[in-house]
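Single-structure report; data block below.
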There are 2 protein chains.
Amino acid sequence: MNEQIDEKLNSREIKPTAMRELVLKLMMEKLSAISLPELEEQLSYADKATLYRTLKTFEKNKLIHSINDGNGPLKYALCMDDCECEPEELHIHFSCTVCNKTYCLNEIPVPKISLPKGFNLTSVETVVKGVCANCIS
Amino acid sequence: MNEQIDEKLNSREIKPTAMRELVLKLMMEKLSAISLPELEEQLSYADKATLYRTLKTFEKNKLIHSINDGNGPLKYALCMDDCECEPEELHIHFSCTVCNKTYCLNEIPVPKISLPKGFNLTSVETVVKGVCANCIS
DNA sequence: GTTAATTTGCAACTCCGTTGCATTTATTAT
DNA sequence: ATAATAAATGCAACGGAGTTGCAAATTAAC
């Protein structure tokens, strides 16, 4: 499984350090998006700045993407393999108002928007809020 | 015109203090959304906490709504008259990557999203990024 | 006018994100 | 293999946004 992790890092041209392997492993195990503060908590021995820079590196190289759910700190989730984060590849995100977890809805692409004349579109971000299947019971 | 402002405040059951009139006046003059830090800058004599609480009061009473454009501080814009901020009344927002201004696209409703079974939807937020008509020339 | 309730101003504080810099670790050249 | 170079990490500190407690001032109610 460490091979799988290193493979993932290599495929995005990120040098596989111990720290990076740890962070990626943790993110692969989680179903929901994770924030820097959460990461700090879960890898308590690790330094905040290092984790911060790790996330930034991952994001720059499109291994992960950031999600602004308007609810506390910025969250991060894994990109799909080979995703280049082009507008047509983007999906919507779901933020549960009960458990506060944020999920990628990879099956639901971001909506197509026709802007008024003279506007130039580069990206669309959609966050849906509500109660997730786990919390709705 | 002060009458118009007080009328707007009254219609949302907000007591018209001098501070609130000033903030509302400023927001009515602006075409783009405004953040707390910007408000502080433009009403330099006013206190941050007061402006903060003014915005919170306005928001609670649906005179304004907040916009999380993922680009710096939270921004606020006027609601349409009689808007109750129900999901079906919501519009999308546009954030210009050049001038950094954020606009309400009141004519473009938020997209309809069908969530997977078991999910309960309460709101949809869509932010479009790109270059606005002013900056595109 | 006096009392009660609301609003404002000031100070302080927390949290998140970010940076500078020294130290350590990895890579490359000799 | 060793020295020189580059990259990553750890520690400390900082700044901005958002928020709160509390006292003073303003407004509303009696």
Side-chain angles (χ1 to χ4, degrees), chain A residues 2 5-6 8-10 12-27 33-61 63-77 95 100-102, chain B residues 2 5-6 8-10 12-26 33-61 63-77 95 100-102 127:
Chain A
N2 251 25
I5 286 167
D6 284 1
K8 246 182 164 25
L9 289 170
N10 284 325
R12 296 294 186 170
E13 292 177 323
I14 299 164
K15 288 182 212 154
T17 67
M19 198 74 253
R20 289 168 179 174
E21 287 170 343
L22 264 168
V23 172
L24 178 52
K25 182 161 177 289
L26 204 154
M27 292 189 75
I34 192 168
S35 67
L36 176 56
E38 284 176 271
L39 209 51
E40 277 179 73
E41 205 178 343
Q42 299 199 27
L43 301 176
S44 51
Y45 40 88
D47 182 69
K48 179 167 67 152
T50 303
L51 294 174
Y52 169 74
R53 285 187 270 235
T54 299
L55 289 174
K56 283 294 181 189
T57 300
F58 284 8
E59 190 183 19
K60 183 159 63 69
N61 291 32
L63 179 58
I64 65 175
H65 59 279
S66 66
I67 307 157
N68 203 301
D69 61 12
N71 185 33
L74 203 57
K75 297 183 180 65
Y76 296 89
S95 169
N100 254 316
K101 284 181 182 151
T102 297
Chain B
N2 251 28
I5 287 168
D6 284 1
K8 245 182 166 24
L9 290 170
N10 284 325
R12 295 293 186 171
E13 291 175 326
I14 300 164
K15 289 182 209 153
T17 68
M19 197 75 254
R20 289 168 177 174
E21 288 170 343
L22 263 167
V23 172
L24 178 53
K25 183 162 177 288
L26 204 154
I34 191 168
S35 66
L36 176 56
E38 283 176 273
L39 209 51
E40 277 180 74
E41 204 178 344
Q42 298 198 27
L43 301 176
S44 50
Y45 41 87
D47 181 69
K48 180 168 66 152
T50 304
L51 294 174
Y52 169 75
R53 285 186 272 235
T54 299
L55 289 174
K56 283 292 181 192
T57 301
F58 284 8
E59 189 183 20
K60 183 159 63 69
N61 291 32
L63 180 58
I64 64 175
H65 59 279
S66 65
I67 307 158
N68 203 301
D69 61 11
N71 185 33
L74 203 58
K75 296 183 182 66
Y76 297 87
S95 169
N100 255 315
K101 284 182 181 148
T102 297
V127 175

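Model, not experiment: these values are computed from the prediction. Order of the sequence lines fixes the chain letters, A, B, ..., with proteins taken first and strands second; residue numbering starts at 1 for each chain.
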Counting only side-chain nitrogens and oxygens, does A/Y52 get under 4.0 Å of the OP1 or OP2 atom of C/dT18?
yes

Short side-chain N/O contact to C/dT8 OP1/OP2 from B/R53, under 4.0 Å:
no

Between B/A18 and B/Y76, the residue closer to the 5' end of DNA chain D by nearest nucleotide is B/Y76

Earlier contact from the 5' end, DNA chain D, for A/T17 and B/P37:
A/T17

Taking atom [atom2] of [N] as reference, at what distance in whole Å does atom [atom1] of [X] sit?
{"X": "B/E13", "N": "C/dT6", "atom1": "CD", "atom2": "P", "result": "14 Å"}
{"X": "B/K75", "N": "D/dG18", "atom1": "NZ", "atom2": "P", "result": "9 Å"}
{"X": "A/N61", "N": "D/dA8", "atom1": "CG", "atom2": "P", "result": "10 Å"}
{"X": "A/L74", "N": "C/dC15", "atom1": "CG", "atom2": "C1'", "result": "14 Å"}
{"X": "B/M19", "N": "D/dT27", "atom1": "CE", "atom2": "P", "result": "13 Å"}
{"X": "B/L55", "N": "D/dT19", "atom1": "CG", "atom2": "P", "result": "11 Å"}
{"X": "A/L51", "N": "C/dT19", "atom1": "CG", "atom2": "P", "result": "16 Å"}
{"X": "A/E38", "N": "C/dC15", "atom1": "CD", "atom2": "P", "result": "15 Å"}

Pair B/T102-B/D69, side-chain donor/acceptor within less than 3.5 Å
yes

Taking any heavy-atom pair under 4.0 Å as a contact, classify A/K48: base, sugar-phosphate, or nothing.
base

Out of B/I64, B/T57, B/T54, which residue meets the side chain to side chain contact (heavy atoms under 4.5 Å, CB included) rule with B/V23?
B/T54

If you define the side chain from C-beta out and look only at heavy atoms, does anything of [X] sit under 4.5 Å from [Y]?
{"X": "A/Y76", "Y": "A/L39", "result": "no"}
{"X": "A/L74", "Y": "A/L36", "result": "no"}
{"X": "A/M27", "Y": "A/L63", "result": "no"}

What residues from residues 64-73 of chain A pass a heavy-atom cutoff of under 4.0 Å to DNA chain D?
none

Exercise: identify the closest heavy-atom pair between A/E21 and A/D6:
OE2-OD1, 2.6 Å

Okay, side chain of A/E38, backbone of A/S35: is any donor-acceptor separation there less than 3.5 Å?
yes

